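Inspection log for the structure reproduced underneath, given as structure tokens.
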Amino acid sequence: MPRYLSLIRIDENNAPEGGPSPELMQRMGELIEEMTKNGVLLDTAGLTPTAQGARVHYEGGRLSVTDGPFTETKEVIGGYALLQAKDKAEAIEWTKRFLKVHEPYWTVTCEVREIEEG
């Protein structure tokens, strides 16, 4: 079965104060448990804020490193989910369910991409 990477994009500057609510974390935990039992979820994690990260850029034979935060960036990758699904449509359906556990004041976008094997 193909694998898909769902990149979870958020606007760090407009994320709810204090992060996810306990209720959201509970709903997310229940969904993660269901996805794991169904063999769909292979791995998932959130990422630390961009203020704790760095960008490494290569251009014209030169490397540069820029420490976060990256204020010019509106959306950042806040986490990921590695899915195994029968097809892209199924991966998208699970991703929709993930988005729906969030309260309405969240703005979250997931980019679903198939992983090229071999």
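Because the structure is a prediction, the values reported are computed rather than measured.
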Side-chain (E114) to main-chain (K88) donor-acceptor, under 3.5 angstrom: no
For the backbone of K86 and the side chain of E90, can you confirm whether one donor and one acceptor N or O come within less than 3.5 Å of each other?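 Yes, E90 side chain to K86 backbone: donor-acceptor pair under 3.5 Å.
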Side chain to side chain contact (heavy atoms under 4.5 Å, CB included), that's the test. Do L83 and L41 meet it? Break it down for me. CA-CA 5 Å; L83 310 173; L41 185 63; 3.8 Å; yes
Which residues satisfy the side chain to side chain donor-acceptor pair (under 3.5 Å) test with [X], sequence neighbours excluded?
X: R97; answer: E34
X: N13; answer: none
X: E30; answer: Q26
X: Q84; answer: none

Check whether any side-chain heavy atom of T66 lies under 4.5 Å from a side-chain heavy atom of H57, and answer yes or no.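 T66 vs H57: side chains apart.
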Within 6.0 angstrom of Y58 OH, more than 12 heavy atoms from elsewhere: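 Atom OH in Y58 is not packed in, count stays at 12 or less.
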Would you say CD of E59 has more than 12 non-hydrogen atoms from neighbouring residues, nucleotides or ligands within 6.0 angstrom? no
If hydrophobic residues (ILVMFWY) are linked whenever their side-chain heavy atoms come closer than 4.5 Å, directly or via other members, who joins M1 in its cluster? none
Which residues share a ring pair (Phe, Tyr, Trp, His ring centres under 6.0 Å) with F98, sequence neighbours left out: H102
